[in-house]
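Start at 1 and go down the list; that is how both ligands and their atoms are numbered. Just so it is clear, the model here is predicted, and its values are computed rather than measured.
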Amino acid sequence: MLTRRDWITALAALAGTGLSACSQAAEPHVAIDPLKDGLPFPLGVAAMSGQLSDPVWAAIVRTHFSQITPEWEQKMEYLLLPDGQLQFDAPEALYGFARDNGMTMLGHTLIWYAQSSPWFEAVTDPVRFGRRYDQYISDIMTRFKGRTRAWDVVNEPVMDDGSGYRSCLWSDRLGLGYINRAYEVAHEADPNAVLFLNDYNLEHNPQKRLMFLKLAESLLKAGVPLGGLGTQSHIVASLAPGALQIALTDLASLGLPVHISELDISLKTGRTAMLEVRQNEARQQALVTELLETYATLPAHQRFGLTIWGARDKDSWLRRGGEDRGPMRDAPLMFDDTGNAKPLARTLKAELKRFARPV
Ligand code: XIL
């Protein structure tokens with residue numbers, strides 16, 4: 001049931017689209033055909049349960065996207081309480097929205113260097129720690145079993161400079177084998193889920209990409225049930241032409257499915273805008289074209305899907321930094337703050353048509 005406030009919000013957004021309220025009530029985003037139409041792979045979006053009650057957000061997501069990745073409410077920081085209890089209300093709300101709108105889910109993420117819990121930190125004995133580690137992975141996979149197309153099992157294991165693998169609580173307690181172990185336990189709990197290794201800056205940093213691929217190769221050689229590679233693709237508009245093509249081609253070289261898992265294209269580097277805004281927007285469009293042109297060269301079985309890390313610019317994690325205020329606000333996504341499709345969305349739609357089957 002939409003509240004009065006919801007209608008005012010939606011109508012205000014409509015006013016910005018040139019569409020009359022009567023033509024597309026609560027569908028203010030439809031300035032372009034649905035981005036997801038006819039695609040042979042999911043077009044995903046990052047989401048948080050608090051966004052579900054926003055009618056403009058919900059209209060954009062149910063119209064343009066076919067898959068959801070929980071942005072942070074399926075991570076250990078949210079799911080695992082200090083006493084070892086698990087809470088699922090927020091991700092279940094996202095699963096409910098996906099179910100009601102015929103969308104698939106991508107699980108994100110089981111083991112990440114950036115997050116742990118007092119439940120784990122309190123245990124130093126490796127055997128006891130390992131039991132809790134296995135139990136957590138098994139409990140989460142079982143909870144969402146049969147409803148989750150794929151999982152980012154281990155997230156961001158490679159050091160930023162590509163010189164090796166991160167030290168973290170998991171590697172401290174279990175050694176680097178924590179990675180293999182996570183995939184083995186996850187696969188046992190849900191054999192049908194495709195299990196991904198996911199990392200960032202693989203386009204910007206060839207050394208990091210090499211180390212990532214070495215890890216993937218070693219997992220495959222060890223018989224670990226690694227099912228795909230996720231390249232987050234948090235890129236900046238100044239990324240050199242050709243870098244995306246080289247990176248994607250490299251990542252596809254192992255023959256595994258490749259998920260462009262967290263795409264956003266920042267107009268900024270550091271605390272300032274890089275180029276005059278119009279140049280940035282042209283660069284963003286050129287990068288989307290390069291990305292999709294290259295993705296189209298991959299064999300169909302390796303095109304796992306494309307996920308955008310948010311719906312509207314204001315939903316972006318890049319807009320939550322304290323420095324992102326005033327006229328030079330970042331605009332990394334496909335829809336603007338009022339829910340209008342940006343020229344970048346039109347570029348994406350045009351590029352996605354190369355994959356689309358007739359609807
Ligand atoms: C980010 C979310 O966007 C934020 O909302 C959250 O506060 C922190 O995590 N790589 C990842 C994602 O794999 O999980 C991160 O998401 C962004 C970087």
Next on the checklist: Could you check whether any side-chain N or O of Asn201 sits under 3.5 Å from a backbone N or O of His204, counting only pairs where one atom can act as donor and the other as acceptor?
Outcome noted: no
Item to check | Ligand-residue contact atoms, ligand 1 with Asn155, heavy atoms, under 4.0 Å | outcome: 11 (C), 13 (O)
Checklist entry - What atoms of ligand 1 come closer than 4.0 angstrom to any heavy atom of His108? => result 11 (C), 12 (C), 13 (O), 14 (O)
Item to check | Nearest atoms (heavy-atom pairs only) where Tyr183 meets Phe196 | outcome: OH-O, 2.8 Å
Top protein contact for [atom], by heavy-atom distance:
atom	value
atom 16 (O) of ligand 1	Lys75 NZ, 3.3 Å
atom 5 (O) of ligand 1	Arg320 NH1, 2.7 Å
atom 11 (C) of ligand 1	Glu262 OE1, 3.1 Å

Checklist entry - Any N/O of Trp72 closer than 3.5 Å to an N/O of ligand 1? => result no
Checklist entry - Would the His259 and Trp151 ring centres measure less than 6.0 Å apart? => result no
Item to check | Validation row, ring centre Phe120 to ring centre Trp170 under 6.0 Å | outcome: yes
Which donor-acceptor pairs under 3.5 Å do the side chains of residues 171-178 make with protein atoms, sequence neighbours left out?
unit_1, atom_1, unit_2, atom_2, d
Ser171, OG, Cys168, N, 2.8
Ser171, OG, Cys168, O, 3.0
Arg173, NE, Val123, O, 2.6
Arg173, NH2, Glu121, O, 3.2
Arg173, NH2, Val123, O, 3.2

Checklist outcome for this item: Restricting to heavy atoms, the pick from Glu156, Met48, Glu71 nearest atom 18 (C) of ligand 1 would be Glu156
Item to check | Tyr200 and ligand 1 - part of the residue with a heavy-atom distance under 4.0 Å | outcome: neither
Item to check | Sole residue of Val236, Asn280, Val288 in side-chain contact (heavy atoms from CB on, under 4.5 Å) with Ile265 | outcome: Val288
